[in-house]
Amino acid sequence: MDLDGVAARLGVPVEEIERVDRLAGDRPSAPLPDRDDVPELLERLAVRPDDAAGILAGWPSPQWTPELTWLLDRSTALVRADLGGHEWLPPGPELPGYFAYAYLALIPVVRQYHRDHGIPDTVSWATLADLGRNLAVDRRMRGEGWPVMQSWLTLHVRGGLYELGRLQHQRGDDAISLHIPEAGPLTPEAVDASLDEARAFFPRHFPDEHYTSFSCGSWLLDPQLREYLPEDSNIIRFQRRFELEPYEAPEGLDADVEVLRFGFRSLSTPLDELPRRTVLQRAIADHLRAGRHWQWRTGRFPF
Ligand SMILES: CC(C)(COP(=O)(O)OP(=O)(O)OC[C@H]1O[C@@H](n2cnc3c(N)ncnc32)[C@H](O)[C@@H]1OP(=O)(O)O)[C@@H](O)C(=O)NCCC(=O)NCCS
């Protein structure tokens, strides 16, 4: 394959195509499901009707270019080659459109991995249904969200992450990393129930892994939020569970951008045009307008 040509025709840097080619090598890809089975599959994955219609309308065969077809094939191979992995993994260039198909192709692969680990079907499908949630968020964000999401969603299709009740739990070396989907309020009771579920789930399904803590890296752990949110708010109560690590600005991640992502689902709206509907929204904009910055903080507490 002429990698320079692929990159030029897809309009992406050649280094990204070379990376896909290198990581995928000649590993096996994952074939797309039969198109007739896709509507039902999309429903199981909580994909909203408008997103489902878009996916079906853009179905790769036969109208995709050879370059995009190559990218889909090699990017499923790249993700599949790391089945069982639990680090974030960019599946390929940040191009809208191809990774939803890769995700669908990888479903049978990860379902088999889940079966091999005795993961209950309910957990398996609840986990994988984060696709629908992410596509809906990206639609709200007018496409601004997808570059992060495609990398995030490789966790789900490699068996690296499980949705147990209110929280998503990402496997790691000695810590389970917690993620908070947008799914209603983060009540302490729902968090407790999810943590308890995880304490039983991981020893049962991953007996070779030994977890000593739960960890989290998030804008939600920024102590500056205490200047604005009431002590009994769910976010502050969630913060109180953690012992924070000393602050270090993470590389390649701008907390101000992440706060806008999660508080407004827009990265491009000027500060003075952002809605001021909630305490948090007012806090985010006022803090930034005062020339201050938000922090992405990490913390942990015992497993
Ligand atoms: C995490 C989350 C569920 C917390 O929501 P919550 O349980 O309502 O939190 P709190 O009780 O602390 O809310 C305090 C105030 O902030 C508001 N608020 C909380 N999260 C908000 C959000 N993402 N956007 C806008 N306002 C928000 C609440 O409405 C409330 O304001 P009000 O009293 O004026 O109504 C919510 O922020 C969310 O869905 N976030 C998106 C996902 C996310 O950020 N994940 C972490 C990624 S690192």
Side-chain angles (χ1 to χ4, degrees), residues 46 87-88 126-127 129-141 144-153 155-156 160-170 172 175-195 214-242 244-245 247 249-267 269 271 273-288 293-300:
E87 300 292 334
W88 285 60
T127 299
D130 203 31
L131 176 68
R133 196 190 275 133
N134 278 271
L135 291 174
V137 166
D138 189 56
R139 181 175 286 271
R140 273 164 65 199
M141 293 184 72
E144 286 181 311
W146 189 248
V148 179
M149 291 172 188
Q150 65 175 22
S151 183
W152 159 247
L153 288 167
L155 287 167
H156 307 54
L161 173 131
Y162 296 90
E163 185 162 324
L164 305 173
R166 184 64 187 85
L167 303 174
Q168 291 156 321
H169 299 256
Q170 180 186 355
I176 291 293
S177 173
L178 300 175
H179 299 272
I180 301 92
E182 187 178 300
L186 186 64
T187 63
E189 297 74 25
V191 173
D192 282 339
S194 182
L195 297 176
F214 287 105
S215 67
C216 183
S218 179
W219 67 274
L220 293 168
L221 298 188
D222 185 341
Q224 299 175 103
L225 286 167
R226 291 181 192 203
E227 296 175 35
Y228 303 94
L229 300 183
E231 273 299 299
D232 65 349
S233 66
N234 290 329
I235 292 176
I236 301 303
R237 289 202 281 184
F238 184 68
Q239 285 194 353
R240 285 204 289 264
R241 295 174 186 266
F242 291 86
L244 286 190
E245 282 153 26
Y247 180 58
E251 232 174 272
L253 196 141
D254 181 340
D256 292 342
V257 171
E258 296 311 313
V259 167
L260 295 173
R261 177 192 309 283
F262 291 109
F264 299 99
R265 296 302 189 188
S266 170
L267 307 183
T269 309
L271 284 187
E273 288 172 27
L274 289 169
R276 299 179 63 80
R277 278 191 282 273
T278 68
V279 180
L280 180 76
Q281 290 185 332
R282 294 190 287 277
I284 294 173
D286 292 347
H287 191 79
L288 293 173
H293 294 284
W294 293 104
Q295 297 176 353
W296 185 268
R297 297 300 295 261
T298 53
R300 49 178 72 212

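Numbering of ligands and ligand atoms starts at 1, following listing order.
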Quiz question for you: does at least one protein heavy atom lie closer than 4.0 Å to atom 13 (O) of ligand 1? no
Polar proximity ligand 1 side, Arg265 side, N/O cut 3.5 Å exclusive: no
Just heavy atoms, cut-off under 4.0 Å: does Thr187 contact ligand 1 by side chain, backbone, both, or neither? neither
Distance-only check: which donor-acceptor pairs under 3.5 Å involve side-chain atoms of residues 184-192, not counting sequence neighbours?
residue	atom	partner	partner atom	Å
Thr187	OG1	Ala190	N	3.2
Asp192	OD1	Arg241	NH1	2.9
Asp192	OD1	Arg241	NH2	3.2

Using a 4.0 Å cut-off to any heavy atom of Gly263, which atoms of ligand 1 qualify? 24 (N), 25 (C)
List ligand 1 atoms under 4.0 Å from Ile180, heavy atoms only on the residue side. 1 (C), 42 (C), 43 (C), 45 (N), 46 (C)
Is there a protein heavy atom at a distance of less than 4.0 Å from atom 3 (C) of ligand 1? yes
Short check: is a protein heavy atom less than 4.0 Å from atom 36 (C) of ligand 1? no
Ligand 1 versus Arg237: contacting region, heavy-atom distance under 4.0 Å: neither
Any N or O on Phe262 sitting closer than 3.5 Å to an N or O of ligand 1? yes
Run the numbers for me: atoms of ligand 1, each under 4.0 Å from some heavy atom of Gln281, listed by number. 25 (C)
Of all the heavy atoms in Cys216, does at least one lie under 4.0 Å from an atom in ligand 1? no
Spell out, as yes or no, whether a donor-acceptor pair under 3.5 Å connects the side chain of Asp256 to the backbone of His293. no
Is_contact(atom 47 (C) of ligand 1), protein non-hydrogen, under 4.0 Å: yes
Ligand 1 to Thr278, heavy atom cutoff 4.0 Å, flagged ligand atoms 17 (C), 25 (C), 26 (N), 27 (C), 29 (O), 31 (O), 34 (O)
Atom pair CZ (Phe238) and OG (Ser233), whose distance is rounded to the nearest 0.5 Å: 12.0 Å
Ion pair check, Arg265 and Glu144, cut-off under 4.0 Å: no
For atom 10 (P) of ligand 1, what is the closest protein heavy atom, and at what distance to 0.1 Å? Asn234 N, 3.5 Å
Would Gln239 and Arg226 count as having a side-chain donor-acceptor pair, cut-off 3.5 Å? yes
Minimum distance, heavy atoms only, to atom 39 (O) of ligand 1: which one of Glu182, His179, Gln239, Glu258 is it? Glu182
Ligand 1-proximal atoms of Trp296, by part, heavy-atom distance under 4.0 Å: side chain
Can you figure out which of Val279, Ile236, Ile235 has its heavy atom closest to atom 9 (O) of ligand 1? Ile235
From the candidates Trp219, Phe238, Tyr228, the one that places a heavy atom nearest atom 40 (N) of ligand 1: Trp219
Which one of Leu186, Leu229, Asp232, Val191 has a non-hydrogen atom at the shortest distance from atom 7 (O) of ligand 1? Leu186
